[in-house]
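Note sheet for the following structure.
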Amino acid sequence: MDRRALIAGAAALTLSTPACAAYPPGLPPLKSVSTYPLGVAVRHLHLSDPDWARLAVTNFSQLTAEWEMKMEYMLRDDGSLQFDRADALAAFARTYGMKVHGHTLVWYAQDGLHFQKLKGTPDAFLNAYVAYIQKVTGRYGGIVRGWDVVNEPIWNDGRGLRPCLWREVLGDDYIGLAFEAAHQADPAAVLFLNDYNLELTPAKRTTFLKLCERLLKEGAPLHGIGTQAHISADLNPAAMIVAIRDIASLGLQVHISELDISLRGDRLTNVVKPRLDQLKVFEAVIRAYNDVPARQRYGLTVWSLRDKDSWLNSKRERKGPIADAPVLFDDRGRPKAMAERFVEMVR
Ligand code: 9MR
């Protein structure tokens, strides 16, 4: 990667600026007690926010881009690539000694005009598909330790593979092809299949795990399973334990890749119910992950640093008057009970 871009990105931030609310005495930085990489989602604007940066650098050892490493940002309509923000993130990580997890190469929800235009010419489509994956993974070789190669391939009710442009043109093998392409470009990267609701919907988990087994049988370089864990505080804690055990049973790396625990008990009405026992569900997450063999624990990533940074409180997602509070630090950057419990429980 261009060294000048790295340095420019890093210089944009000075952590000596007076920063966020004082960190409570007695609570060690979360990453200092964690036995596995502890990740946090980041958006570009956070990198130049000293409050965000200080809290993140103190407590977390790994970053996942919430948006800027997705195709929707990286790929312009004319097929050219836009790396500026991913480079800035990589520079930030390097400056503060953090790891980077790549999210995401192929997603049913994002295809883009460049690929839509190639729909009628499957050979050109395939070439562009492989080229995109290889340019992105190749550029961040040695920087990104693992990639969500394919994101959310399974229907929410578990009935099978979702339809998408990739599958329409390349067939079901769009997944295997993506893994192969990524592996060729960066043989050291840990390659993940990532999905959500694997805890909530056993039928989806079963289909997802069958897909993993099929890929492994076919020799795909699939190294890990990302379970997003966008869960709600009314999830039965036992469901989490069973899900993680099932997921780990394949012997692959396990990444809890996008953890947040919403206080909206009912996702249909989106009513925030502050009384739900979020802590109980969080404890189940940590207990379940503690039980995964250490060699399979790729890391746990929380999907935003402070409650106010969460996608659940974005204009598009927030429905009612009460804000959601799904993550470990409050709006002012103070650790919540979940952060304290993490320190007590992690091993
Ligand atoms: O939190 C992300 C939000 O800021 C983006 O606008 C959105 C679309 O790119 O993606 C959100 O993150 C999603 C993640 O990439 C995949 N799993 C579900 C996450 C929440 O929607």
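We count ligands from 1, going down the list as the structure has it; atoms in each ligand are counted the same way.
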For this session: Might you work through the ring pair (Phe, Tyr, Trp, His ring centres under 6.0 Å) test for Y132 and H114, ending with a clear yes or no?
Result: CA-CA 11 Å; Y132 175 80; H114 177 60; 8.8 Å; no
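At under 3.5 Å, not a single nitrogen or oxygen of W311, backbone or side chain, sits near a nitrogen or oxygen of ligand 1. Looking at W303 next to ligand 1, an N or O pair under 3.5 Å apart turns up. In terms of N/O distances under 3.5 Å, ligand 1 is not approached by R43.
A salt bridge links R167 with D172: the distance from a Lys NZ or Arg NE/NH1/NH2 to an Asp or Glu carboxylate oxygen falls below 4.0 Å. With salt bridges taken as basic N to acidic carboxylate O contacts below 4.0 Å, none links D111 and K119. A salt bridge is absent between D291 and R245; no separation between the charged side-chain nitrogens and carboxylate oxygens falls under 4.0 Å. Here E218 pairs with R214 in a salt bridge; the nearest charged N to carboxylate O distance falls below 4.0 Å. The residues D157 and R159 are annotated as salt-bridged, a charged nitrogen and a carboxylate oxygen being separated by less than 4.0 angstrom.
The part of N151 lying near ligand 1 is the side chain, judged by heavy-atom distances below 4.0 Å.
Checked against T227 for a side chain to side chain donor-acceptor pair (under 3.5 Å), the options R205, E199, E258 give a single hit: E199.
Closest to atom 2 (C) of ligand 1 among all protein heavy atoms lies E66 OE2, 3.4 Å. Of all protein heavy atoms, the one lying nearest to atom 11 (C) of ligand 1 is K70 NZ, 3.6 Å. Of the protein's non-hydrogen atoms, R316 NH2, 4.2 Å is the one closest to atom 6 (O) of ligand 1. Looking at atom 17 (N) of ligand 1, its nearest protein heavy atom turns out to be E258 OE1, 2.7 Å.
A ring-centre distance under 6.0 Å is not found for Y129 and Y174.
Per-residue contacts place Q110 under 4.0 angstrom from the following atoms of ligand 1 (heavy atoms of the residue considered): 9 (O).
Assignment of E152 to the shell around ligand 1 is supported, since a heavy atom sits closer than 4.0 Å. Ligand 1 has at least one atom lying under 4.0 Å from a heavy atom of W67.
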